[in-house]
Structures are given as structure tokens and as C-alpha cells.
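Reviewing the structure listed below.
For the numbers below, each heavy atom of this structure counts, side chains included, while hydrogens, waters and symmetry mates do not.
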Amino acid sequence: MFPELHQVLEALLFAADRPLTADEIAEVMHTATGDDPPTTEAIDAGIDALNQVYEETGRVFRVNRWAGGYQVATEPIVAPYLKALFADRGTRRLSRSLIETLSVAAYRQPVAKPEIDFVRGVDSGYALKRLLEMELLAVVGRSETVGKPLLYGTTTHFLERFGLNNLEELPKLKEIEELLQDPELRQRKELLDLQAVLGSEPADPADSTESTSDELAEAP
Amino acid sequence: MFPELHQVLEALLFAADRPLTADEIAEVMHTATGDDPPTTEAIDAGIDALNQVYEETGRVFRVNRWAGGYQVATEPIVAPYLKALFADRGTRRLSRSLIETLSVAAYRQPVAKPEIDFVRGVDSGYALKRLLEMELLAVVGRSETVGKPLLYGTTTHFLERFGLNNLEELPKLKEIEELLQDPELRQRKELLDLQAVLGSEPADPADSTESTSDELAEAP
Amino acid sequence: AVRLADFEGPLDLLLFFIRRDELDIHDIPIAQIADEYLAYVRVLDEVDLDGAGEFVYMAALLISIKAQMLLPRPAAEDGEEAFDPRKELVDRLLEYMRFKEAAGELAFQEGQRAALYARQSPVERKRYAGSDDFITYDYSVFQLVSALKRVLDRAADEEPESHVVQAESYSVEDQRTFVLDRVRAGGRHSFVALVKERPKPFIIATFLALLEMIRERVITVHIGDEGLSDFFVEATG
């Protein structure tokens, strides 16, 4: 079974990250099939057919003719949503609850959620989820303890984001441990200490992995 | 006029160049409208509705669920055309030593280098380095054993590349008995014998590992 | 430089023998395999491939097991399994096979997923940029080593004992050019024919050049009817 012309056009325009000219499309089709490629007119008619189907079936994108080629773009009606999607790209700082959770995970890794919850005294479910999505943490296995909870650890991206070469460069906790014998106090101090360091993370405009707003991360 | 939920989903998934989670989508919608965002269930149902329309109207893309999120990708039927379009990027598959190292790490995570080396019988230093660079693996902590070696685990990108939603979707590691007795492997052994008679090599590279066990399965 | 482990390792060589001779993994004829393993390691050593040390280690292990097999073993008591010096190695091989099988499954999964094209982010493109770690092949690299071994054995036979070896040396780089000149003309070229009646250093340097070019996907290998005694190369299309 072979796809029809308009299906091939759809696929190419969807996956391409730039406008494609009719010539380029013809060449790709020739390479893929070895057959004679469709004419420019046939391609152009195929584009018209696609746009008509898109309109009739309520799709929110159209094939546009610009820059000497064809490119798919969304309709103005959904622009506010895309603006919201892309607004968060870039240099946002992590929220306090995310930083706290990340600190505990960084120092205690591999660590399970119950332990993080215990140290922070609050449920860290949402924060963990967001940190996983941002690829700052990753699931690294399962604990052998009751319920076999998942174990979390930091990622390469974590190191990159905080400008660390490796985990050894995390601020040392030794001095604090010497000073404070009380385990609970030590835990609190540990948090503050890491926050001080991680809170000063460098801004990285190239970063696009985290694209959600921090306000929600702050939600209880 | 406001777009419907499935239209917003379509727009966001088309514009994004990575999997979006239901939470991210909800956040974006909240940011864009100020309204209460749809529930995860509503979003998931919207995705199903979209896919159904795509199928009914002959679209060549679908919303896939992997790496914990949603991502639009083309159907296999148009793969040859996209391969031709991205000829310079290639549809590159990991080499044997990389995929072997990756699978030991995936099933044993969190795992340290000495353990991977032992299982494979070779130094996996180079393979690990490359897999870290490709962000298929990440450092997730340090082992408590002698020398405190780094522990490795798979990343979200790993899930995305292999089309898995989570680690539980990894193909089950076969038991040794299964490996030696799998009737399918026996069958393939017969095929191999036939090919040997006909003087041709098995064509499928994926079979090469199994053919090893084929021979074993037949051993007295 | 080419590392053999980038293709396959010491455990793969064992599996290669087991598969080739259709051996029962639970009853490996250690004496025979140890000798043959050693013969291959000598070839690897002669070629001076990086990572040959790992093969030497495995050869030593096999020889030690072989020695243990020669010792009188205490008879098994009732209900006790007789001690088999091969057991540890066999367990390791089986465990390795599990992961090889899993790697095959993953590779299959990767292929399925690779047929689905999503929009690619710039980050994604950066991840895999300029990487040469994507060579896939459906033969064992030890098939190539087998062919090399035969050619070297023959070359040794043909060399008269008294022959004064000329201080002639061949660089891998020179041999790349040599191979390229031939494959560029088109068609498949037999390894045996490429190095026919050439001295050992020439054969070895050519083999290393071939491995390098396979890894860089400059050339593609075909295993023909000759199976283990020869292989063919052609320019990657």
C-alpha cells in the first residue's frame, strides 16, 4: 500500500522545520520511490486539496505559501495558547518547592519519595513530577524497602544547569554535620545550604526542556 | 469565538518539538485563558478523539503516548519519504556495543560501570561516554561500594527514542530457560538451517543475537 | 584507532565458537575451546588491536578452567551437585545472552519508533550530531577475524623459515588508500584477493584499515558462501 500524494505532502510539511519548495518535494519523492516525481502543478493542487480537507474537518493548521515554498502553520484562533506554550521557554528560575525537593534528591540520591517527604515535611509528589519532566531528576531504580518505591537521582542536565562538572562539586555537607549533631537540625541546615547554592543557578537561555511556569510549581 | 479543547490540543502538539505532559498542557491552557484547566482525563479523552478524527479523515500522523507525554508523529507508511527528506540526518540506529551497554544499564539501573563491564566482559567506558552525550543515560548518583563509582540510569529522552511511556514498558528480560527453550527460537533455527543449505545469510540484523541462542536451543 | 570491543568482546568470541560448532552451553568442551580461543587471541595480539587485553584475560580464565578440569574431582555426594569448574563461566555467558537478547528487542523497538517522525528540536539534533556510533551489521566481527586468521596462517606457511624479513612497514593510513582505490572502482572485493601473496604486515595493516572504514561506514561488508574463510567489501552506496 502506498500513500497518496496529498498524504506524502502532509507528512513532509509536518516534519520539516522550514518551508519546502515544490522542487524539493519532487526530489524527495523521486528519491523515496524511484518513480517520476509529480509536477509542480500536481503538488500545488495537492496542497489546495489538503487545505480544503483541513478546513472541512476543523483542523487548526493550514499549509501556507511563503518564502518560495510551503509551510504548515497554525491558525490565528489558537495563537494565545501557543504564546503561553512558548512564553515559559528559557530562563525561569526554579520555584522554592522545586529547589527544596531537588536539594534533598541531589544529596541523598538514590532516594525514594517517602524520604524526601520526610525531610521536607510535605508531600513532594508534584515537585518530583515537575523535576522529572524538566529532566533534572530521573528514576534510577526501585528501593528494596516496603512497597519498593521508585528511587530518584539527578541527571546530566542537572549538572549542566547548575554548572557542575560532577556530583562531587556539590557543596560539601561535612562541616555542617560536624557542627550539628541533631539529625533534624542537620536536615534543615542541609536544605538551606543547598538552596543558597542552587538558588544562584546560572540563567541558560538555550534551555528549552523546562517550559512550564513556576507559579504552578508553587501550588500546594 | 474560542477553539474547542481538541483544537487547542492539536495546536499545542503540532507546535511543540517534544512530548508535552497533560500537566504542561493544563498549565498552558490556564495561562492562556485564566480559566480552570481541563482535567488530565479530559485531555486524554481529547487526544483519543483527535486520533479518531485523524484516522477517519486519512491523516498520516497520530498523537503518540510516550516518555510520559503526548507527541505527534507520522505513521510508518510515509517513513520512506521522511527518510529521504532527512537523508542528511539519517535514521540512525545505535551500534551493537552502544545498544548492549544501554540495555544492561536500562535493566540494571541504577548501575555502576564495573557491573556493566562485568556483564559485557569488556570495558564500557567509551560506550557509556557516548550514551551520556546522547542523553540516553544520565549519572544518577554514587554507589556505596568501594571507590564509590557513579551510578547510571536511563533518561526521559531514552523513553522518547524507544517509544516507551515508562520503564515498566521495557520488553521483559527473558529468563535463561526461556532463552534456551523458546519454541520460536527453535523454529528460527530451522530457518537458519534452510538458509545455510540455500547458501544465504539471514538478512535481519536483529536476528543475529537470537541466532546464537538458536543453536544452543537445539544442542542435546 | 579501532577498538575491537566497539564491535564485539571476549564473551562474544566464546558465543561465536559455541554457535559455530553447535555446542551445548552446559557442556562446553573447555580444552578444545580454550586452545582455539588462544589461537584467536594470538591473531588479535599480532594485529595489535586496542582492547586485546580483555581477550587475553578471558583466554587465561579458560586455560585455568581447563587445568581444573584435568584435576580429579571428588565424587558427588547424594543430593549434591558435582562441582563443575565451568559453572561460573557458563552462568556469566547465560546472563550475557539475556542482555544480548534484550538488546535485540530494544533495537527492534528503536526501529519501530524510528519509523515515526516527530518534529525534531534543535536540542535533539545536537544530541546526535557528528556521531559515528551508528554502525549496524548483521555478521559477527569474528567471522572477519576467522578469515584474517586463515590468511595469516597461509602466509606463515608460505614464508620460508630462513627468509629474512624485510624491514618493510605498512601504515593503516596507506592501506586505507590502497583499499579505497580498489573499492572506488565499484563492485565487491574479496579480502583474500586484496591481500593475496602479500607479507604479514601488509595483511594486518589492511585488516585494520578495513575495520576502521567499516566503523566509519565508508565500506560495507558482505559475508558470502565462503562463510568463515573470506569476506567481501564494497564502497558504501
- Item | OG1 on Thr155(A) to OH on Tyr152(B), rounded to 0.5 Å | 14.0 Å

- Quick one: list whatever passes side-chain contact (heavy atoms from CB on, under 4.5 Å) with Glu169(B), sequence neighbours left out. Leu164(B), Asn165(B), Asn166(B)

- Task: Would you mind telling me which of Leu132(A), Val140(A), Val111(A) has the largest number of heavy-atom pairs within less than 4.5 Å of chain B?
- Result: Val140(A)

- Query: Quick one: CD on Gln109(A) to CZ on Arg142(B), what's the gap to the nearest 0.5 Å?
  - Reply: 9.5 Å

- Task: Start with the C-alpha gap between Ile77(B) and Phe2(A), add the side-chain angles, then the distance that decides, and say whether side chain to side chain contact (heavy atoms under 4.5 Å, CB included) holds.
- Result: CA-CA 7 Å; Ile77(B) 189 178; Phe2(A) 291 100; over 6 Å; no

- OG1 (Thr156(B)) and CE (Met134(A)) are apart, to the nearest 0.5 Å, by 12.0 Å

- Neighbourhood of chain A inside residues 116-124 of chain B, taking heavy atoms under 4.5 Å as contact: none

- Task: Write down the atom of Thr33(B), the atom of Tyr81(A), and the distance for their closest heavy-atom approach.
- Result: CG2-OH, 3.4 Å

- Task: Sort out for me which of His6(A), Lys129(A), Glu24(A) touches chain B most, counting heavy-atom pairs under 4.5 Å.
- Result: Lys129(A)

- Query: Do any of residues 50-67 of chain B have a heavy atom less than 4.5 Å from a heavy atom of chain A, and if so, which, in residue order?
  - Reply: Leu50(B), Val53(B), Tyr54(B), Thr57(B), Gly58(B), Arg59(B), Val60(B), Phe61(B)

- Contact listing (chain A partner; residues 35-42 of chain B; heavy atom under 4.5 Å): none

- Item | Closest non-hydrogen atom pair between Pro110(B) and Gly141(A), with its separation | CD-CA, 3.6 Å

- Message: I'd like to check Val139(B) versus Thr154(A) (side-chain heavy atoms, cut-off strictly below 4.5 Å). Are they in contact?
- Response: no

- Item | Gap separating the CD atom of Glu27(B) from the CG atom of Leu85(A), nearest 0.5 angstrom | 11.0 Å

- What residue, out of Leu150(A), Val8(A), Thr74(A), Leu20(A), has the most heavy-atom pairs lying under 4.5 Å from chain B? Val8(A)

- Out of Val78(A), Thr31(A), Val72(A), which one racks up the most heavy-atom pairs below 4.5 Å with chain B? Val78(A)

- Message: I need the minimum non-hydrogen distance between Glu135(A) and Glu135(B), along with the two atoms involved.
- Response: OE1-OE1, 4.4 Å

